[in-house]
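Below: the structure, in structure tokens.
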Amino acid sequence: MGRHSCCYKQKLRKGLWSPEEDEKLLRHITKYGHGCWSSVPKQAGLQRCGKSCRLRWINYLRPDLKRGTFSQEEENLIIELHAVLGNRWSQIAAQLPGRTDNEIKNLWNSCLKKKLRQRGIDPVTHKPISEVENVEDIDTSAKSRDKMSVLSNELDLLKAENSNQEATLLEQRPSSIASQGYPLEVQGSSSSKITNNNNS
DNA sequence: AAAGCTTTCAACCGCTCGGTT
DNA sequence: GAACCGAGCGGTTGAAAGCTT
């Protein structure tokens with residue numbers, strides 16, 4: 001279980017993609033679409049596994065990718081969404097057109113975590129760091145309520161940092177997030193998955 | 001100028017999930 | 001219901017770039 005047939009194939013290239021490989025993959029998908037990813041490399045004449053082709057397409061070759069640095073507003077949105085969704089990068093990416101889950105995950109790990117810590121906010125719980133250190137065993141039934149208050153705390157901080165216009169936009173967002181039906185209890189299932197991964 | 005350290009980011013790995021047989 | 005398979009996800013790794021001393 002969990003094994004990929006492509007893993008058994010020999011002579012498959014790994015590592016960075018060459019411009020020629022990009023060109024082949026781009027031309028193939030533009031012409032035929034990707035269909036079944038495992039058959040893409042063969043059809044496109046690439047010595048890669050389908051999984052690698054899929055990743056390259058999604059993270060780099062897709063024509064609708066935005067690329068470039070993240071705007072302040074995008075960063076704020078990621079922080080907000082992370083507070084609600086946790087490390088569900090694909091769901092967060094779905095709210096940011098032209099951005100990939102990998103890109104957002106990298107930004108979070110290299111940059112946003114640091115920024116939050118500098119603001120005195122724990123990047124995992126989105127609570128003030130002092131509060132996290134003192135209260136380890138918080139009543140889980142209060143988690144959803146806490147989440148919303150944390151969001152408003154972060155908004156207050158962001159308001160202080162950013163322009164009035166931007167803060168107004170942000171102020172409107174939590175309700176829009178809620179109206180889109182993000183279940184607050186997903187936080188629990190997310191952490192349970194992380195726990196499972198740690199066990200492996 | 002160069003060596004060492006840190007940061008960034010593309011890509012891989014292992015796993016789960018959902019569909020199919 | 002079990003086994004298989006492909007797609008997708010999140011964590012991790014490692015090379016390259018950037019920065020510091």
Side-chain angles (χ1 to χ4, degrees), chain A residues 1-26 28-29 32-72 74-119 122-126 180 182-200:
Chain A
M1 256 214 22
R3 296 283 178 84
H4 297 274
S5 56
C6 65
C7 299
Y8 294 116
K9 291 183 184 161
Q10 292 174 350
K11 286 186 179 177
L12 293 182
R13 271 176 57 82
K14 284 166 86 173
L16 295 178
W17 280 63
S18 67
E20 291 75 22
E21 286 178 308
D22 281 344
E23 175 65 28
K24 279 183 181 177
L25 183 60
L26 183 61
H28 178 268
I29 294 181
Y32 305 106
H34 62 73
C36 174
W37 280 110
S38 57
S39 60
V40 164
K42 197 178 175 184
Q43 291 167 352
L46 290 162
Q47 293 189 323
R48 296 271 181 175
C49 69
K51 205 175 179 179
S52 180
C53 293
R54 177 187 157 271
L55 206 66
R56 186 62 177 169
W57 173 256
I58 288 171
N59 288 332
Y60 193 81
L61 296 175
R62 250 169 51 195
D64 58 327
L65 284 180
K66 205 183 263 184
R67 321 237 13 116
T69 54
F70 283 75
S71 68
Q72 188 62 54
E74 282 177 311
E75 288 188 8
N76 293 338
L77 180 55
I78 291 167
I79 292 168
E80 275 182 56
L81 291 168
H82 187 272
V84 179
L85 296 167
N87 292 1
R88 295 190 160 162
W89 308 116
S90 60
Q91 287 186 35
I92 293 172
Q95 306 301 316
L96 288 126
R99 300 297 188 183
T100 70
D101 54 351
N102 208 34
E103 211 176 359
I104 292 168
K105 181 169 58 181
N106 281 334
L107 178 75
W108 180 262
N109 286 327
S110 66
C111 207
L112 297 183
K113 265 165 118 173
K114 222 176 295 171
K115 282 189 181 176
L116 282 182
R117 284 205 188 96
Q118 282 167 1
R119 291 176 193 166
D122 181 69
V124 179
T125 61
H126 291 260
Q180 284 170 32
Y182 290 111
L184 287 172
E185 64 268 25
V186 296
Q187 187 68 20
S189 61
S190 168
S191 61
S192 72
K193 183 168 184 179
I194 289 164
T195 309
N196 284 342
N197 285 345
N198 288 342
N199 290 340
S200 63

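The sequence lines fix the lettering, A, B, ..., with proteins before strands; numbering per chain opens at 1. A quick note: this is a predicted structure, and the numbers were derived from the prediction, not measured.
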How long is the line joining [atom1] of [X] and [atom2] of [N], in whole Å?
X	N	atom1	atom2	answer
A/K51	C/dG10	NZ	C1'	11 Å
A/K115	B/dT7	NZ	P	15 Å
A/R56	B/dC9	CZ	C1'	11 Å
A/L81	C/dG10	CG	P	13 Å
A/L46	B/dA11	CG	P	13 Å
A/Q91	C/dG8	CD	P	15 Å
A/I78	C/dG10	CD1	C1'	16 Å
A/N102	C/dC9	CG	P	11 Å

Closest-nucleotide 5' rank along DNA chain C - winner of A/L16 and A/N109: A/N109
Are the side chains of [X] and [Y] in touch, meaning some heavy atoms are under 4.5 Å apart?
X	Y	result
A/E23	A/W17	no
A/R56	A/D22	yes
A/I104	A/F70	yes
A/L116	A/W108	yes
A/K14	A/S52	no

Respond yes when some side-chain nitrogen or oxygen of [X] is under 4.0 Å from OP1 or OP2 of [N], and no when none is.
X	N	result
A/S90	C/dC9	yes
A/R88	C/dG10	no
A/R48	B/dC12	yes
A/W37	C/dG8	yes
A/R54	C/dC9	yes
A/W108	C/dG10	no
A/N59	B/dA11	no

query: With a 3.5 Å cut-off and just heavy-atom distances, do the side chain of A/K105 and the base of C/dG11 make a donor-acceptor pair?
result: yes
Counting any heavy atom closer than 4.0 Å, what does [X] reach on the DNA or RNA strands: base, sugar-phosphate only, or nothing?
X	result
A/K14	sugar-phosphate
A/N106	base
A/L55	base

task: Report the residues that fulfil side chain to side chain contact (heavy atoms under 4.5 Å, CB included) with A/H34, sequence neighbours left out, ordered by chain and then residue number.
output: A/I29, A/W37, A/V40
message: Let's see if you can work this out: which of C/dG6, C/dG11, B/dA11 has an atom nearest to the side-chain heavy atoms of A/N87?
response: C/dG11
statement: Regarding the side chain of A/S110, the nearest nucleotide among C/dG6, B/dT8, C/dC9 is B/dT8
task: Taking A/R99 for its side chain and A/R67 for its backbone only, find out whether a donor-acceptor pair lies under 3.5 Å.
output: yes
- request: Could you tell me which nucleotide pairs with C/dG11 by Watson-Crick or G-U wobble geometry, both distances under 3.5 Å, or answer none if nothing does?
  value: B/dC12
task: Check DNA chain B against residues 61-70 of chain A and give the residues with a non-hydrogen atom under 4.0 Å, in numerical order.
output: A/R67
- prompt: With distance as the sole criterion, is a donor-acceptor pair present between the side chains of A/Q72 and A/N76 under 3.5 Å?
  reply: yes
